2 protein chains.
Amino acid sequence: MENSQKALVLLRQIIRSTDMQDKDISRSTGLTPPQLMVMQTLRENTQLTTGELAKEMVLTQATVTSILDRLERKELIARERGIEDKRKVWVSLTEKGVELMKGAPTTQQDIFVRNFEDMQNWEQSMIVSSLERIAFMLNAQHLDAAPLLDIGELDRSQQEYSKN
Amino acid sequence: MENSQKALVLLRQIIRSTDMQDKDISRSTGLTPPQLMVMQTLRENTQLTTGELAKEMVLTQATVTSILDRLERKELIARERGIEDKRKVWVSLTEKGVELMKGAPTTQQDIFVRNFEDMQNWEQSMIVSSLERIAFMLNAQHLDAAPLLDIGELDRSQQEYSKN
DNA sequence: AGGGGATAATTTGTATTTCTAAGTATTTAT
DNA sequence: ATAAATACTTAGAAATACAAATTATCCCCT
């Protein structure tokens with residue numbers, strides 16, 4: 001098989017694995033995958049606005065608002081109007097939210113780190129630079145391909161998420 | 001930063017990029033992301049049963065059934081009762097489905113392949129073996145961690161996707 | 001042969017995600 | 001000071017996702 005095909009297959013495997021892991025964590029925390037993603041993002045950033053969360057998760061603000069509604073009802077996050085800019089809403093984990101995220105969610109990362117650190121240093125470096133290469137390529141690709149794909153939008157017949 | 005942390009960050013970037021790409025393709029084909037995933041899976045496998053699709057996509061059969069309903073309504077896939085085992089339902093792309101998948105969806109992969117093939121051979125090999133390593137690790141990890149995470153299920157208070 | 005359990009898919013019912021469009025409040029720029 | 005832009009929410013609708021129940025078929029065992 002071509003190297004490029006191998007890489008594509010492996011990438012799909014990697015994405016599938018992380019997807020399954022996310023579902024494991026979802027189940028063990030009692031959160032849905034999007035809710036979990038909000039929690040994870042907040043764990044790493046302390047405080048974010050609704051808009052920043054939306055951008056980070058590649059979702060619309062409206063979507064994030066509704067996910068936050070549910071997390072707020074469960075008292076896992078708190079919303080706070082901005083003082084300096086009152087349009088903004090700052091979101092952060094509550095005590096309870098921090099507590100929940102202390103359990104299972106870290107486990108997976110810990111296992112990864114442990115396995116990763118068992119490798120020889122040269123291999124770690126090799127992997128990091130490979131991942132850098134791939135990440136860069138894929139990122140550039142998204143930017144390049146978006147305009148290309150828009151050409152196809154002219155004649156699509158069954159458009160609109162909300163109409164299928 | 002630690003190598004392991006770098007790797008984690010890069011993996012997240014990679015997943016985010018592919019996620020954005022999928023959304024681009026979704027928009028250009030007029031399919032939702034899950035619908036697209038069914039189509040892509042079928043493009044690679046010619047014929048699959050509902051259950052095989054569900055397993056491949058890490059979803060329940062019920063969910064896949066409802067996605068298939070909509071794709072069938074659009075005449076992009078066809079269902080056919082198994083002959084040798086009548087419980088099974090074989091799913092495949094229709095002419096129209098194949099046609100739709102010929103456009104945009106391949107573009108992204110083509111760009112990837114083109115970029116990948118521009119690299120030196122030694123670098124291609126390096127990346128492939130790095131991805132192999134990561135894919136293997138993550139896969140093993142899912143299997144290892146699942147039982148661990150189940151322990152936490154005993155005292156979870158807000159369980160169940162369908163009750164949040 | 002023929003019943004009981006397992007398997008494959010669907011149906012049902014409900015919560016959640018996700019989007020677009022419209023609306024509100026606030027800030028910024030002219 | 002007013003218009004445009006920004007940040008977020010609300011409203012409404014389609015799609016996704018699950019568990020549980022149902023239907024049909026298969027397979028095994030006595």
Side-chain angles (χ1 to χ4, degrees), chain A residues 19-20 22-24 26-27 29-39 47-74 76-91 158-164, chain B residues 19-20 22-24 26-27 29-39 47-74 76-91 153 156 158-164:
Chain A
D19 184 47
M20 288 194 291
D22 282 347
K23 287 186 180 173
D24 285 344
S26 284
R27 254 179 296 117
T29 53
L31 297 172
T32 63
Q35 287 170 6
L36 176 64
M37 197 179 183
V38 166
M39 298 293 286
Q47 268 216 331
L48 289 175
T49 64
T50 305
E52 286 166 345
L53 269 170
K55 194 161 292 176
E56 184 64 28
M57 298 177 59
V58 199
L59 297 173
T60 60
Q61 276 194 350
T63 300
V64 171
T65 294
S66 85
I67 297 170
L68 291 178
D69 286 343
R70 280 174 210 102
L71 288 173
E72 196 175 32
R73 200 151 17 93
K74 295 194 226 178
L76 296 173
I77 60 114
R79 288 198 252 213
E80 200 186 341
R81 271 277 156 207
I83 298 175
E84 146 255 5
D85 182 341
K86 288 181 207 140
R87 291 169 307 177
K88 294 184 178 173
V89 167
W90 293 94
V91 188
Q158 42 239 325
Q159 197 51 280
E160 303 292 318
Y161 188 102
S162 29
K163 286 173 196 160
N164 291 309
Chain B
D19 184 47
M20 288 194 292
D22 281 348
K23 286 185 183 174
D24 284 343
S26 285
R27 253 178 297 119
T29 52
L31 298 171
T32 63
Q35 287 171 4
L36 176 65
M37 198 179 182
V38 166
M39 297 294 286
Q47 267 216 333
L48 289 175
T49 64
T50 306
E52 286 167 344
L53 268 172
K55 195 161 289 176
E56 184 64 27
M57 298 176 60
V58 199
L59 296 174
T60 60
Q61 276 192 352
T63 299
V64 171
T65 293
S66 83
I67 296 170
L68 291 178
D69 287 343
R70 281 178 279 275
L71 288 173
E72 196 175 32
R73 198 147 26 88
K74 294 194 227 177
L76 296 173
I77 60 115
R79 287 197 253 214
E80 200 186 341
R81 272 277 156 207
I83 298 174
E84 146 254 5
D85 183 341
K86 288 181 207 139
R87 292 169 306 176
K88 293 184 177 172
V89 167
W90 294 94
V91 187
E153 299 213 347
R156 67 222 148 125
Q158 41 236 327
Q159 198 49 282
E160 304 293 321
Y161 189 99
S162 30
K163 287 174 193 160
N164 292 309

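Please read these numbers as outputs of a predicted model, since none were measured by experiment. Numbers restart at 1 for each chain; the letters A, B, ... are given by sequence-line order, proteins then strands.
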Any non-hydrogen side-chain atom of Gln61(A) less than 4.5 Å from a side-chain atom of Thr49(A)? no
Heavy-atom distance under 4.5 Å between the side chains of Arg73(B) and Arg70(B), does that happen here? yes
Nearest-Å distance, CD (Glu84(B)) to C1' (dA24(D))? 16 Å
Protein-nucleotide distance (Glu80(B), atom CD; dA9(C), atom P), rounded to Å: 13 Å
Going by heavy atoms closer than 4.0 Å, what residues in residues 51-59 of chain B are next to DNA chain D? Leu59(B)
Checking Asp85(B) now: which residues fulfil side chain to side chain donor-acceptor pair (under 3.5 Å) with it, not counting sequence neighbours? Arg87(B)
Can a side chain N or O of Gln61(A) be found less than 4.0 Å away from OP1 or OP2 on dC8(D)? yes
What integer distance in Å separates Arg27(B):CZ from dT20(C):C1'? 14 Å
Please pick, from dC18(D), dC26(D), dC8(D), the nucleotide with the shortest atom-to-atom distance to any side-chain atom of Thr63(B). dC18(D)
Where the side chain of Thr65(B) is defined as all heavy atoms beyond and including C-beta, which of dA17(D), dT18(C), dT10(C) is the nearest nucleotide? dT10(C)
Are Met37(A) and Leu31(A) side-chain neighbours, meaning at least one heavy-atom pair lies under 4.5 Å? no
Counting only side-chain nitrogens and oxygens, does Arg70(A) get under 4.0 Å of the OP1 or OP2 atom of dT17(C)? yes
Under 4.0 angstrom between Thr60(A) side-chain N/O and dC19(C) OP1 or OP2: yes
Of the nucleotides dT6(D), dA8(C), dA11(D), which one has an atom closest to the side chain of Ala62(A)? dA11(D)
Between dT10(C), dA8(C), dA5(D), which nucleotide gets closest to the side-chain atoms of Arg87(A)? dA5(D)
Using whole Å, report how far CD1 of Ile83(A) lies from C1' of dA25(C). 17 Å
When the distance from NZ of Lys74(B) to P of dA14(D) is rounded to whole Å, what number comes out? 13 Å
Please check the phosphate of dC8(D) (OP1 and OP2 only) for any side-chain N or O of Thr49(A) closer than 4.0 Å. yes
CD1/Ile77(A) to CG/Leu68(A) distance, rounded to the nearest 0.5 angstrom? 4.5 Å
Ile67(B) versus Pro34(B), closest heavy-atom pair with distance: CD1-CB, 3.7 Å
Report yes if a side-chain nitrogen or oxygen of Gln35(B) is closer than 4.0 Å to either non-bridging phosphate oxygen (OP1 or OP2) of dT16(D); otherwise report no. yes
What's the CG-P distance between Leu71(B) and dT16(D), to the nearest Å? 8 Å
Is the phosphate of dT10(C) approached by Thr50(B) (side-chain N or O, under 4.0 Å from OP1 or OP2)? yes
Could you check if a side-chain atom of Val89(A) sits within less than 4.5 angstrom of a side-chain atom of Glu80(A), using non-hydrogen atoms only? no
Could you say whether Lys23(A) or Asp85(A) is positioned toward the 5' end of DNA chain D, judged by the nucleotide with the nearest heavy atom to each? Asp85(A)
Tell me whether the side-chain N/O atoms of Arg79(A) come closer than 4.0 Å to OP1 or OP2 in dT9(D). yes
Residues at least two apart in sequence or cross-chain that pass salt bridge (charged side-chain N to carboxylate O under 4.0 Å, His left out) with Glu72(A), listed by chain then number, are Arg79(A)
How close or far is atom C1' of dT24(C) from atom NZ of Lys88(A), stated in whole angstroms? 18 Å
Roughly, in whole Å, what's the span from CG in Leu68(A) to C1' in dC8(D)? 11 Å
